[in-house]
*Asks:* 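Below: one structure in structure tokens.
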Amino acid sequence: MRFRLTALFLALLVSAAHAAPAPQPVDIPLASGVLHAQLYKPEGAGPFPTVIALHGCGGLGGHSDPVLPRYRDWAERLLKAGNAVLLPDSYGSRELGPQCRVREMHVKARRERVADIAASRAWLMKQAWVAHDRVSLIGWANGASALLWAVRPQSAARDLTPDFRAAIAFYPDCRISAGLGWSTRVPTLVLIGADDDVSSPPACRQMVDGARGRSALARIVVYPGADHDFDRAAGTQLHAAAEHTDAEARAASQKDVAQWLAR
């Protein structure tokens, strides 16, 4: 009996040692109000390269989880690579739930969410543990659309601090940006599945192709056979065939993200 209890205690210790790190809640000042965010930070004083991660229209967290599994998985992956990760909660901070099927969105990608990105960057520039010249952006769907607005030359901050180092947009809605002649001041990578029926792969390709020659480096990767949300955690797709194809795209995107951030 004593042996079994000892073994159970040791198993619990090992489990705790391998438990996922918990994010730290932080509050970021806005022009009107407060932007709540979750922060994953490596141990030590830094300075650390830092990624601002922008959730999609479903929001950042759930009822009992401040960070949904798909964002937590990416945050932990980036953290393991030595990055701090800041996840601003654009909807929860304004007492809003998911906005995916809301006809009149009160938080616009090109307006409030761009302001959230600017406020997050300004807050990070005041933190001693941040490598100020290595702050990057990553976003999904609506968050990726906000990212596309935030990296345009017209959206540059009017201060002397370093600009974003890189940006990565997972399946943004590129249709408006493509029509406006989008360009970027920050090296920007767009990742999208060829079978995405929510965002528009042709519009994203048109947007990136149109930016070449008059902007910072812009690149698009279209993963064959992959659907919308292809990078979600394994086991959550509805169909086995989609699971197989998206798993390949997910693995490829993990490598592409790591290489883009290491530039």
*Asks:* Before giving the answer on side-chain contact (heavy atoms from CB on, under 4.5 Å), spell out for Arg121 and Thr161 the whole-Å C-alpha distance, their side-chain angles and the decisive distance to 0.1 Å.
*Replies:* CA-CA 10 Å; Arg121 175 185 171 278; Thr161 57; 2.6 Å; yes
*Asks:* Examine Leu261 and Phe164 and state if one hydrophobic cluster contains both, with Ile, Leu, Val, Met, Phe, Trp and Tyr joined whenever side-chain heavy atoms are less than 4.5 Å apart.
*Replies:* yes
*Asks:* Could you check whether any side-chain heavy atom of Tyr71 comes within less than 4.5 Å of a side-chain heavy atom of Val85, counting everything from C-beta outward?
*Replies:* no
*Asks:* Side-chain contact test, heavy atoms from C-beta onward, threshold under 4.5 Å: evaluate it for Arg263 versus Leu217 and give yes or no.
*Replies:* yes
*Asks:* Any side-chain heavy atom of Asp195 sitting closer than 4.5 Å to one from Asp197?
*Replies:* no
*Asks:* Looking at residues at least two apart in the chain, or sitting in another chain, which of them share a side chain to side chain donor-acceptor pair (under 3.5 Å) with Arg185?
*Replies:* Asp163
*Asks:* List the atom of Ala194, the atom of Gly225, and the distance in Å for their closest heavy-atom pair.
*Replies:* CB-N, 3.9 Å
*Asks:* Is there side-chain contact between Arg113 and Val107, with at least one heavy-atom pair below 4.5 Å?
*Replies:* yes
*Asks:* Any side-chain heavy atom of Leu148 within less than 4.5 Å of one from Met207?
*Replies:* yes
*Asks:* Run the side-chain contact (heavy atoms from CB on, under 4.5 Å) test on Leu191 and Trp260 for me, step by step, so that the C-alpha distance in whole Å, both residues' side-chain angles and the decisive distance to 0.1 Å come before the verdict.
*Replies:* CA-CA 11 Å; Leu191 305 177; Trp260 198 259; over 6 Å; no
*Asks:* At their closest point, which heavy atom of Arg212 faces which heavy atom of Asp209, and how far apart are they?
*Replies:* NH1-OD1, 2.5 Å
*Asks:* Rounded at 0.5 Å granularity, tell me how far CZ in Arg152 sits from CG in Leu147.
*Replies:* 12.5 Å
*Asks:* When you group the ILVMFWY residues by side-chain heavy-atom contacts below 4.5 Å and let the links chain together, are Val186 and Trp149 in the same group?
*Replies:* no
*Asks:* Is there a path of hydrophobic side-chain contacts, each under 4.5 Å between heavy atoms of I/L/V/M/F/W/Y residues, joining Met125 to Leu54?
*Replies:* yes
*Asks:* Which value, rounded to the nearest 0.5 Å, describes the distance between Leu86 atom CG and Ile117 atom CD1?
*Replies:* 11.0 Å
*Asks:* So if you build clusters from Ile, Leu, Val, Met, Phe, Trp, Tyr with side-chain heavy-atom gaps below 4.5 Å, do Trp140 and Val222 land together?
*Replies:* yes
*Asks:* Distance-only, no hydrogens or angles: does the Ser120 side chain make a donor-acceptor pair with backbone N or O of Asp116 under 3.5 Å?
*Replies:* yes
*Asks:* Which heavy atom of Asp89 sits nearest to which heavy atom of Gly92, and what is that distance?
*Replies:* OD1-N, 2.8 Å
*Asks:* Are any of the side-chain heavy atoms of Ser136 and Pro49 separated by less than 4.5 Å?
*Replies:* no
*Asks:* Looking at every heavy atom in both His106 and Glu112, which two are closest together, and how far apart are they?
*Replies:* O-OE2, 3.4 Å
*Asks:* Are Val135 and Leu78 connected, step by step, through hydrophobic side chains (Ile, Leu, Val, Met, Phe, Trp, Tyr) whose heavy atoms are closer than 4.5 Å?
*Replies:* yes
*Asks:* Can you name the nearest heavy-atom pair linking Ile192 to Ser199, along with the distance?
*Replies:* CD1-CB, 3.9 Å
*Asks:* Please determine whether side-chain contact (heavy atoms from CB on, under 4.5 Å) holds for the pair Gln254 and Trp74, giving the CA-CA distance in whole Å, both sets of side-chain angles, and the decisive distance to 0.1 Å.
*Replies:* CA-CA 9 Å; Gln254 290 167 359; Trp74 270 107; 3.8 Å; yes
*Asks:* Decide salt bridge (charged side-chain N to carboxylate O under 4.0 Å, His left out) for Arg250 and Asp73; before the verdict, give the C-alpha distance in whole Å, the side-chain angles of both, and the deciding distance to 0.1 Å.
*Replies:* CA-CA 12 Å; Arg250 180 169 58 252; Asp73 178 67; over 6 Å; no
*Asks:* List, one per line, each side-chain donor-acceptor pair under 3.5 Å for residues 21-46, sequence neighbours excluded.
*Replies:*
from  : atom 1 : to    : atom 2 : distance (Å)
Asp27 : OD1    : His36 : ND1    : 2.7

*Asks:* Can you give me every donor-acceptor pair (side chain of residues 167-179, partner residue at least two apart or in another chain, under 3.5 Å) with its distance?
*Replies:*
from   : atom 1 : to     : atom 2 : distance (Å)
Tyr171 : OH     : Arg70  : NH2    : 2.6
Tyr171 : OH     : Asp229 : OD1    : 3.2
Tyr171 : OH     : Asp231 : OD1    : 2.5
Asp173 : OD1    : Arg175 : N      : 3.1
Asp173 : OD1    : Arg175 : NE     : 2.9
Asp173 : OD2    : Arg175 : NH2    : 3.2
Arg175 : NH2    : Val198 : O      : 3.3

*Asks:* Identify the two heavy atoms, one from Pro88 and one from Ala53, that lie closest to each other, and give their separation to 0.1 Å.
*Replies:* CD-O, 3.3 Å
*Asks:* Rounded to the nearest 0.5 Å, what separation is found between the NZ atom of Lys108 and the CG atom of Asn142?
*Replies:* 10.5 Å
*Asks:* Start with the C-alpha distance between Leu189 and Gln259, add both sets of side-chain angles, then the distance that settles side-chain contact (heavy atoms from CB on, under 4.5 Å), and finish with yes or no.
*Replies:* CA-CA 11 Å; Leu189 176 66; Gln259 290 174 355; over 6 Å; no
*Asks:* Between the main-chain N or O of Gly181 and the side-chain N or O of Ser183, is there a donor-acceptor pair closer than 3.5 Å?
*Replies:* no
*Asks:* Give every residue pair that meets the disulfide (SG to SG under 2.5 Å) criterion with at least one member in residues 26-77, sequence neighbours excluded.
*Replies:* Cys57-Cys100
*Asks:* Would the distance check show the side chain of His55 and the main-chain N or O of Ala141 forming a donor-acceptor pair, the cut-off being under 3.5 Å?
*Replies:* no
*Asks:* Starting at CD1 of Ile52, measure out to CG of Leu124 and round the result to the nearest 0.5 Å.
*Replies:* 5.0 Å
*Asks:* So which pairs with a foot in residues 216-225 pass side chain to side chain donor-acceptor pair (under 3.5 Å), sequence neighbours left out?
*Replies:* Tyr223-Asp256
*Asks:* The criterion is salt bridge (Lys or Arg N to Asp or Glu O under 4.0 Å); which residues satisfy it with Asp65, sequence neighbours excluded?
*Replies:* Arg72
